[in-house]
Structure formats: C-alpha cells, structure tokens
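Order of appearance sets the numbers: ligands from 1, and atoms from 1 within every ligand.
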Amino acid sequence: MSEDEELYIQVTDREGNVHRLPALSGWRVMEIIKDAGLPLKAECGGALECATCHVYVDRAWMDRVHPKSDEEDEKLDEAFMVKGNSRLSCQILMSDELNGLEVTLAPEGE
Ligand code: FES
C-alpha cells in the first residue's frame, strides 16, 4: 500500500458539483481531472500551449501551490475569464502538501 493512495483533490465542475478525485503524487492536476472524466479540454496535453486547462485555485490553497512561472503567466493571458487565483492545471504537480487541494473548473471561452 502506497501512501499516495490516500491523496485526493476536490474539483468543482461548471455546474457547481463537487468531485473528490483520487490523486497520485507527481501527476499534473490536469491529468487527475481528465483521468476522472471531467470536462477539461487541456488540448495541448500539458505543453503550455493552449490555456484550456484553466482552473481557479481555492483561495485557501493559493499560498501552498507553487508560484506560476513566467511562461504560465503569459499563457494564462489567453485564457477566458482570468482571475487572481487562475492557474493552468497542467502546471500544478500533485504532492503530499497539496492533499485535499480545491480547484474549480474555469468557464470555457466562446
Ligand atoms: S494543457 Fe495546454 S496549457 Fe495546460
């Protein structure tokens, strides 16, 4: 039994439903969300080229998620309805410290 099996994230979808998803350390949050079948496009597969993996990180978690890189910040400019707690979920790596992380799927552009 790996302790990783205990990890989870909590994702609110665009209808406001909350999903508790099992998470593995080292996985991108984007992969965890897609693996669970939630509607996140993530068109570029994590290459930081599409901005369609946009999520809002719950304010309580903002300090615990590692800061954005300049590249992520630039790519976020292309996302729809960007807020102060916007992140590209392919750039957040799951770790023990992020156990219970809460994010909300951002609306999709037009
Ligand atoms: S999946 Fe394309 S930027 Fe994250």
Side-chain angles (χ1 to χ4, degrees):
M1 272 271 181
S2 149
E3 62 193 29
D4 285 348
E5 291 177 40
E6 306 292 325
L7 298 183
Y8 75 98
I9 63 172
Q10 202 157 282
V11 180
T12 304
D13 66 23
R14 297 185 189 96
E15 283 73 50
N17 300 312
V18 178
H19 306 261
R20 182 184 164 116
L21 308 181
L24 289 174
S25 187
W27 277 42
R28 299 161 189 263
V29 166
M30 173 274 278
E31 294 172 313
I32 296 164
I33 296 171
K34 279 191 75 86
D35 199 58
L38 293 183
L40 187 72
K41 280 196 186 151
E43 281 164 350
C44 77
L48 208 45
E49 286 174 358
C50 72
T52 59
C53 60
H54 180 200
V55 297
Y56 302 121
V57 172
D58 187 276
R59 303 269 172 194
W61 287 90
M62 284 299 282
D63 291 346
R64 288 194 256 176
V65 175
H66 65 82
K68 294 185 276 242
S69 65
D70 291 346
E71 291 79 10
E72 180 184 346
D73 210 27
E74 269 176 37
K75 187 48 69 176
L76 255 178
D77 283 346
E78 297 173 19
F80 185 62
M81 290 187 65
V82 176
K83 301 184 192 173
N85 59 340
S86 287
R87 292 296 302 260
L88 296 178
S89 58
C90 70
Q91 300 302 303
I92 305 174
L93 277 189
M94 190 61 195
S95 63
D96 292 351
E97 293 72 45
L98 295 184
N99 193 25
L101 174 70
E102 293 173 49
V103 303
T104 299
L105 302 187
E108 291 178 331
E110 53 286 352

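Under the 3.5 Å distance criterion, the side-chain polar atoms of K68 are left unmatched by any main-chain donor or acceptor of R87. At least one donor-acceptor pair closer than 3.5 Å links the side chain of E72 to the backbone N or O of L88.
Under the side-chain hydrogen bond (donor to acceptor under 3.5 Å, both in side chains) criterion, D70 pairs with no residue at all, not counting sequence neighbours. Under the salt bridge (charged side-chain N to carboxylate O under 4.0 Å, His left out) criterion, K75 pairs with E78, not counting sequence neighbours.
Residue pairs meeting the salt bridge (Lys or Arg N to Asp or Glu O under 4.0 Å) criterion with at least one partner in residues 14-33, sequence neighbours excluded, are R14-E108.
Side chains of N99 and Y8 form a contact here, defined as non-hydrogen atoms less than 4.5 Å apart.
For atom 2 (Fe) of ligand 1, the set of protein N/O/S atoms nearer than 2.8 Å consists of C44 SG, C50 SG, ordered by chain and number.
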